[in-house]
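Worksheet for the structure shown next.
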Amino acid sequence: MLDILNRRADFLAAARAVRHTRPGLLFQARRRAEAEGVAPERLRVGFTCSKKVGNAVARNRAKRRLREVARLELSANGLAGWDYVLIGRPGATAARPFEDLRADLVSALRATHRPDRPSARPSDPPSGRPAEGTAPQNTVVPRRQS
RNA sequence: GCGGACGGCCGGACGACCGCGGCAUGCGAGUGUCGAGGAAAGUCCGGGCUCCAGGGAGAAAUGGCGGCGGGUAACGCCCGCCCGGGGUAACCCGAGGGAAAGCGCCACAGAGAGGAGACCGCCGUCCCGGCGGCUCACGGACCGCGAGGUCCAUGGGAUGGCAUGGGACGGCAAGGGUGAAAGGGUGGGGUAAGAGCCCACCGCGCUGGCGGCAACGUCGGCGGCAUGGCAAGCCCCGCCAGGAGCAAGGCCAAAUAGGGAUCGCGCGGGGCUUGUCCCCAGGGCUUCUCCCGCCCGAGCGAUCCGGGUUGGCUGCUGGAAUCCGUCGGCAACGGCGGAUCGAGAGGAAUGGUCGUCGGCGGUUUUUUGCCGCCACAGGACCCGGCUUACAGGCCGUCCGCACCC
RNA sequence: GCGGGUAUGGUGUAGUGGUAGCGCCUCAGCUUCCCAAGCUGAUAGUGCGGGUUCGAUUCCCGCUACCCGCU
């Protein structure tokens, strides 16, 4: 089951971790630290849209489509112990055909959890990004959930 | 039929599968039920509600409003009417009090921009000229015997004349010209020329009658031009307004100190006639003043509460509600009766994939077919308004023009 | 939820109701062997829609965009 993310700190932490850009959405993912007190089998997801997406109707519609896509894909293919954040993009999130939007999420998930990609391990960012304050997940190599 | 004015309404429908939020029920799986708008928006006004401020009166400051009457809980909203402006009309628009309380501004142009002014111009008097007459003197020519007459030239004089030139002094403000605006307008009389100088009408001011609750209208009398415009410049007049906002506010639990509250005892300076005396007080309680009332002022004791943080409950939706009928009212609206309950979340619920129909656009000679698209926009304490956004469509009333009967 | 402010050439900014200025940038010319600098000149602007006024960047109303407070 999906837990909904609503604390600002969780969003900020996810924003400092893995990011992927897809035409229909921005994707962020972070493996939680054990010390955070959240049960490790939980999988959490957050949705957000900035004012650039549009007025309240446009933002709500983008978040609903992201929610539906997360319901279909993330509950099946997401990893326990991770936080995911899905961010709406102006125009595209609401206008993109649904199957394309769904494929965007699948693609981002695969890019995040592929073991041979450095970007899957935020522990050693090649671009010299400042290291994250919460270190424990840096040593864990993500693996596919069975 | 075409064009136009005004008012009101709808703003996709039905269905399938997988999902979402609240409530009820169930041990549970689940089941049942309800689930965004006309603007929910902007936050521009007005209220309810809650807390804060001791009560009353006045003032100041600040902000707002501004024809009159009505409606309303109230309003800057609505209705009706008046006045002014626009339109052939239906109808539309108007921050629509005061400019003789005061201050300020009116660029440029123009002579002059506010108790104004004289550039061109008009008129009078005088002076210097011009023209044509009159008259005198002298000269010449001609006619006549003569007295004399006629004509020409020069010079002088006086008075009057002119479609006449220039100047000085004075009168005038009609006309030209400048300007957004030139110190009432039109016409006539009058005059040297003119002018409210006089007269008529209009406008303006004062005043009386009548109609109207009133704004105002209308009829008459008087005055005789005095009062330019701007107050969405300062300002004056009248009216209105205490502050904060549901993250208001209330309750509970966890957690516990340096502060706070209540009660009891107690309390300033000066004067002498030493008294249960008199006088003066200080500070606080809405920016100030006044009146009333209250408290503090100095410590001690007792009792109670408790900062910050986190969570839960409540406020929370039945209300100036909506609909129908009826009565009063031109209307806004109000009275009465009946029926109905239609989101209450707490980072926030309506989505995805389709089907049929509807609408719009494109393609097509047309039909069919195919393709694309579905206005503005999402409750967060609740109401009444205003403003702004809005694909497409529906209904009603009225006006103008053309045609037919 | 409650309030406040700003909008002026491409850019940064002045501006008493009366022709909207200035610096940088851009362009052209001069200067130089060439460039830079310098000199001369030019282009280009009041966010939008109404209203008041003879006249609005200025005053008033309504929108739009951006920014900033408080809770």
Side-chain angles (χ1 to χ4, degrees), chain A residues 1-115 117 119-123 125 127 129-140 142-146:
Chain A
M1 216 49 219
L2 300 177
D3 284 351
I4 300 299
L5 214 56
N6 56 27
R7 290 175 53 86
R8 175 172 171 80
D10 292 331
F11 281 89
L12 293 177
R16 285 195 303 266
V18 182
R19 304 200 216 190
H20 288 291
T21 303
R22 290 295 179 270
L25 56 95
L26 300 180
F27 179 86
Q28 298 172 343
R30 181 181 73 104
R31 184 174 177 88
R32 287 192 305 276
E34 309 240 344
E36 292 178 40
V38 180
E41 70 274 12
R42 307 303 295 177
L43 186 160
R44 303 196 301 177
V45 59
F47 307 93
T48 184
C49 283
S50 79
K51 266 192 172 179
K52 287 179 185 172
V53 173
N55 58 23
V57 173
R59 292 198 302 272
N60 279 345
R61 176 160 176 80
K63 281 190 279 187
R64 282 171 190 145
R65 300 195 85 204
L66 292 177
R67 237 196 305 275
E68 179 68 12
V69 134
R71 187 178 68 86
L72 293 171
E73 291 300 326
L74 221 47
S75 54
N77 298 323
L79 291 190
W82 283 66
D83 285 349
Y84 300 96
V85 172
L86 276 59
I87 305 175
R89 307 188 65 183
T93 302
R96 197 164 167 78
F98 187 75
E99 289 306 318
D100 291 353
L101 189 65
R102 192 169 174 177
D104 287 341
L105 178 60
V106 171
S107 162
L109 270 171
R110 283 186 184 144
T112 302
H113 298 306
R114 191 180 306 163
R117 281 275 300 275
S119 65
R121 306 208 314 271
S123 55
S127 62
R129 222 180 315 173
E132 281 133 284
T134 54
Q137 77 268 28
N138 290 3
T139 60
V140 176
R143 30 187 199 281
R144 198 79 172 155
Q145 191 179 28
S146 51

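Values in this document were obtained by computation on a predicted structure and should not be read as measured data. What's counted below: heavy atoms across the whole structure, side chains too, no hydrogens, waters or symmetry copies. Throughout, a chain's letter reflects where its sequence line sits, starting with A, and its residues are numbered from 1.
- Applying the side chain to side chain donor-acceptor pair (under 3.5 Å) criterion to R59(A), with sequence neighbours excluded, gives no partner residue.
- Across A389(B) and U64(C), the matching C1' atoms stand 12 Å from one another, rounded to whole Å.
- Between U353(B), G351(B), A36(B), one nucleotide has an atom nearer to the side chain of N60(A) than all others, and that is A36(B).
- Summarising the geometry, the separation between CZ on R59(A) and P on A377(B) is reported as 12 Å, rounded to the nearest angstrom.
- Base orientation of A100(B): anti, the glycosidic angle falling outside 90° of 0.
- Because its glycosidic torsion is within 90° of 0, G196(B) is reported here as syn.
- The same atom, P, is picked in G250(B) and in C51(B); the two are 8 Å apart, to the nearest Å.
- Partner assigned to G94(B) is C83(B), using Watson-Crick or G-U wobble distances below 3.5 angstrom.
- D100(A) has its CG atom 14 Å from the P atom of G352(B), to the nearest Å.
- Minimum interatomic distance between H20(A) and A108(A) (heavy atoms only, all atoms of both residues): CD2-O, 3.7 Å.
- Interatomic distance, L66(A) CG to L101(A) CG, rounded to the nearest 0.5 Å: 6.0 Å.
- To the nearest whole angstrom, the two P atoms, one in U387(B) and one in C78(B), are 7 Å apart.
- Under the side-chain contact (heavy atoms from CB on, under 4.5 Å) rule, Y84(A) has a single partner from V18(A), L105(A), L79(A), which is L79(A).
- In this structure, D104(A) places its CG atom 16 Å from C1' of G352(B), rounding to the nearest Å.
- Base orientation of G62(C): anti, since the glycosidic angle falls outside 90° of 0.
- Using atom C1' as the reference point in both G183(B) and A100(B), the two lie 15 Å apart (nearest Å).
- Across all strands shown, A158(B) forms no Watson-Crick or G-U wobble pair with both distances under 3.5 Å.
- Among the protein residues, R102(A) comes within range of no part of the nucleic acid, since none of its heavy atoms lies under 4.0 Å from any strand.
- In a base pair of the Watson-Crick type (N1 to N3 plus N6-O4 or O6-N4) or a G-U wobble (N1-O2 and O6-N3), with each distance short of 3.5 Å, A195(B) is matched with no nucleotide.
- Taking atom CZ of residue R61(A) and atom P of nucleotide A349(B), one finds them 14 Å apart after rounding to whole Å.
- As a whole-Å value, the separation of E68(A) CD from G21(B) P is 13 Å.
- Base orientation of G38(B): syn, since the glycosidic angle falls within 90° of 0.
- Across the strands present, G15(B) finds its partner in C354(B); the criterion is a Watson-Crick or G-U wobble pair with both atom distances under 3.5 angstrom.
- A168(B) is paired with U125(B) under the Watson-Crick or G-U wobble criterion, all donor-acceptor distances under 3.5 Å.
- Nucleotides C24(C) and G9(C) have their C1' atoms positioned 12 Å apart, rounded to a whole Å.
- For the pair L72(A) and K63(A), nearest-nucleotide mapping onto RNA chain B gives the more 5' position to K63(A).
- At whole-Å resolution of the value, CG in L66(A) and C1' in U350(B) are 16 Å apart.
- Nucleotide C204(B) forms a pair with G223(B), judged by Watson-Crick or G-U wobble geometry with both contacts under 3.5 Å.
- Using Watson-Crick or G-U wobble geometry with both donor-acceptor distances under 3.5 Å, U387(B) finds its partner in A41(B).
- A distance of about 15 Å separates the C1' atoms of C65(B) and C44(B), rounded to the whole Å.
- Per the geometry, CZ belonging to R64(A) stands 6 Å off C1' belonging to U350(B), to the nearest Å.
- Looking at residues two or more places apart in sequence or on another chain, you find no side chain to side chain donor-acceptor pair (under 3.5 Å) involving R89(A).
- Here the separation of G393(B) from C360(B), taken at their C1' atoms, is 12 Å to the nearest Å.
- U256(B) and C304(B) have their C1' atoms separated by 16 Å, with the value rounded to a whole Å.
- Rounded to a whole Å, the CG atom of L86(A) is 19 Å from the P atom of G351(B).
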| If pairs are Watson-Crick or G-U with both distances under 3.5 Å, what is the dot-bracket string of RNA chain C, marking crossing pairs with [ ] and pairs to another strand with |? | (((((((..((((....[..)))).(((((.......)))))....(((((..]....)))))))))))).
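- For V57(A), the side chain to side chain contact (heavy atoms under 4.5 Å, CB included) partners two or more places apart in sequence, or in a different chain, are N55(A).
- Applying the 4.0 Å criterion to OP1 and OP2 of A349(B), one finds that R67(A) has a side-chain N or O inside that range.
- Under the rule for a salt bridge (Lys or Arg N to Asp or Glu O under 4.0 Å), the partners of R96(A) that lie at least two apart in sequence or sit in another chain are D104(A).
- A salt bridge links R71(A) with E68(A): the closest approach of a Lys/Arg side-chain nitrogen to an acidic carboxylate oxygen falls below 4.0 angstrom.
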Give the table of side-chain donor-acceptor pairs shorter than 3.5 Å for residues 21-28 of chain A, with sequence neighbours excluded, one pair per line with atom names and distance.
from: R22(A); atom 1: NE; to: S107(A); atom 2: OG; distance (Å): 2.6
from: R22(A); atom 1: NH2; to: S107(A); atom 2: OG; distance (Å): 3.0

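- In this structure, A29(A) and A17(A) approach most closely via the heavy-atom pair O-CB, 3.1 Å.
- In this structure A73(B) sits in no base pair that meets the Watson-Crick or G-U test at under 3.5 Å.
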